[in-house]
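Let me begin by presenting the structure, written as structure tokens, before commenting on it.
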Amino acid sequence: MKKIPLRRCVATNEQLPKKELLRIVKTPDDQIKVDLTGRLNGRGAYLKKDAEALAIAKKKKSLEKSLEISISDEVYEEILKVING
């Protein structure tokens, strides 16, 4: 049996399989990017692929605390587009 990697969502604090989460990365040059490959260089935080989880993260600023940077509304809109497909 193969072990399934689990990660914790910064908004909901649920522990979920890595494939059900979206990785948000603060790159070394302080840019925020959505990491679809899971391999981008930088500090990463995981967020459940759900609009409600994104709203919670925005309200509680849990994504900002985790990545140690302030995040603009445009980045949140970009993340929402990725979640909605």
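Note that the numbering runs from 1 along the sequence shown for the chain.
Cluster note: Val25 groups with Leu40 through ILVMFWY side-chain heavy atoms spaced under 4.5 Å, whether in direct contact or through intervening members. Grouping Ile, Leu, Val, Met, Phe, Trp and Tyr residues whose side-chain heavy atoms lie under 4.5 Å apart, directly or via other members, leaves Leu6 alone, with no other cluster members.
Between Asp50 and Leu54, every side-chain heavy-atom pair lies at or beyond the 4.5 Å cut-off.
For residues 63-78, every residue pair satisfying the salt bridge (Lys or Arg N to Asp or Glu O under 4.0 Å) rule, not counting sequence neighbours, is listed here: Arg43-Glu68, Lys58-Asp73. Contacts classified as salt bridge (Lys or Arg N to Asp or Glu O under 4.0 Å) and involving residues 31-42 (residues at least two apart or in different chains) are given here: Arg23-Asp35.
Under the 4.5 Å side-chain heavy-atom criterion for grouping Ile, Leu, Val, Met, Phe, Trp and Tyr, Tyr46 is not connected to Leu22 through any hydrophobic cluster. Taking hydrophobic clusters as Ile, Leu, Val, Met, Phe, Trp and Tyr residues chained together by side-chain heavy-atom distances below 4.5 Å, Ile83 does not share a cluster with Leu21.
The structure places CD1 of Ile32 at 8.5 Å from CD1 of Ile24, a figure rounded to the nearest 0.5 Å. Taking OG of Ser70 as the reference point, atom CG of Asp30 lies at 9.5 Å (rounded to 0.5 Å).
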Distance-only check: which donor-acceptor pairs under 3.5 Å involve side-chain atoms of residues 8-17, not counting sequence neighbours?
{"from": "Arg8", "atom 1": "NH1", "to": "Asn13", "atom 2": "O", "distance (Å)": "2.8"}
{"from": "Thr12", "atom 1": "OG1", "to": "Glu14", "atom 2": "N", "distance (Å)": "3.4"}
{"from": "Thr12", "atom 1": "OG1", "to": "Glu14", "atom 2": "OE2", "distance (Å)": "3.1"}
{"from": "Glu14", "atom 1": "OE2", "to": "Lys48", "atom 2": "NZ", "distance (Å)": "3.0"}

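Asn41 pairs by the side-chain contact (heavy atoms from CB on, under 4.5 Å) definition with Pro28, not counting sequence neighbours. By the side-chain contact (heavy atoms from CB on, under 4.5 Å) test, Asn84 is found to be paired with Leu80, residues two or more places apart in sequence or in another chain being considered.
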